[in-house]
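On a predicted model such as this, the values are computed, not experimentally measured, just so you know. Hydrogens, waters and symmetry mates play no part in the numbers below; they use all other heavy atoms, side chains included.
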Amino acid sequence: MEILRRLAEAYPGSARDLCELEFADPFQLLVATILSAQCTDERVNMVTRDLFARYPSPESLAAADPEEVERIVYPTGFFRAKAANVLKVSTAVAERGGAVPLTMDELTRLPGVGRKTANVVLSVAFGEPGLPVDTHVARLSKRLGLTQSGDPVKIEAELMSWVPPEETGPLSLRLILHGRRVCKAKKPDCPSCVLADICPSATLP
DNA sequence: ATCCCGAGGG
DNA sequence: CCCTCTGGAT
């Protein structure tokens, strides 16, 4: 898919430039993704580093003082709910011997993990097929004319039909990142968008 | 003043 | 379906 190939070029390899991508470890990526809602990617990365510097393993995080976890994740917003979810997920993963599950069913059964988070972990951490469709990706897909649907599951299926399953990992976070940084809800930055020339919604000055 | 945003709960 | 959680951005 041309669109996705261009995004891969626009956000090249340097993993640390991509939201959450520096957390190659499945558990760290899972936690970073839980923290990522309604929060800049820089802040997610900073907080996730703080959290794992203090609590390096699922076991240590599961045993953490909830108030200390709340304090650390505070800058990401929704801090009480997120801290509670991080603790619950840590307990669940610790009980599994530290292994993050690798199927959609098992992942979404974890507390605080929905389809978007599961698709990030599946595609990025495990190389399994999956594309996270959050509001950023939904908006981007609509503007590009890739979907008419507003249903994230339908959008996911439509996007999947264009992407080789083994390529979803490198693209997952780039789609989100492009939606956040360029194809923004309010003031889309079309002049700096690598897709502007093939986007039916692009407005150039 | 209102929106943002993913997950879960009612 | 609708609501809540948070503080920061607009």
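Applying the 4.0 Å criterion to OP1 and OP2 of C/dT6, one finds that A/Y74 has every side-chain N and O outside that range. Contact check, A/R115 against B/dA7: no side-chain N or O comes under 4.0 Å of OP1 or OP2. Residue A/T135 has no polar side-chain atom (N or O) positioned under 4.0 Å from OP1 or OP2 of B/dC4.
Scanning all heavy atoms of the two residues, the minimum distance from A/V120 to A/L29 falls at O-CD2, 3.9 Å. Nearest heavy-atom pair across A/G130 and A/S172 is O-OG, 3.4 Å. Contact between A/L102 and A/L122 at its shortest, heavy atoms only, is O-CD2, 3.2 Å.
To the nearest angstrom, P of B/dA7 lies 14 Å from NZ of A/K88. For the pair A/L107 CG and B/dG6 C1', the interatomic distance rounds to 15 Å; values are reported in whole Å. The CD1-P distance, from A/I34 to C/dT6, rounds to 16 Å in whole Å. Atom NZ of A/K187 is separated from atom P of B/dC4 by 17 Å (rounded to the nearest Å). Rounded to an integer number of Å, the gap from CD of A/Q38 to P of C/dT10 is 13 Å. The separation between A/R109 atom CZ and B/dG8 atom C1' is 16 Å, rounded to whole Å. Whole-Å rounding puts the A/D41 CG to C/dA9 P distance at 14 Å. The CZ-P distance, from A/R180 to C/dA9, rounds to 14 Å in whole Å.
Nucleotides C/dT10 and B/dC5 place their C1' atoms 16 Å apart, quoted to the nearest Å. When the P atom is used for both B/dG9 and C/dT6, the distance is 15 Å, rounded to whole Å.
Under the side-chain hydrogen bond (donor to acceptor under 3.5 Å, both in side chains) criterion, A/D134 pairs with no residue at all, not counting sequence neighbours.
In this structure, A/K186 and A/F78 both approach DNA chain C, and ranking their closest nucleotides by distance from the 5' end singles out A/F78. When the nearest nucleotides of DNA chain B are assigned to A/C39 and A/P111 by heavy-atom distance, the more 5′-ward of the two goes with A/C39. When each of A/N85 and A/R139 is assigned the nucleotide of DNA chain B with its nearest heavy atom, A/R139 is the one assigned upstream, toward the 5' end.
Closest contact between the side chain of A/D134 and the listed nucleotides B/dG6, B/dC5, C/dG7 involves B/dG6. Closest to the A/R43 side chain, of the nucleotides B/dG6, C/dA9, B/dC5, is C/dA9. Listed nucleotides: C/dT6, B/dC5, B/dC3. Nearest to the side chain of A/R80: C/dT6.
The stretch residues 192-205 of chain A participates, sequence neighbours left out, in these side-chain hydrogen bond (donor to acceptor under 3.5 Å, both in side chains) pairs: A/R6-A/D197, A/D189-A/S192.
Among the atoms of the strands shown, none is found under 4.0 Å from any heavy atom of A/T76.
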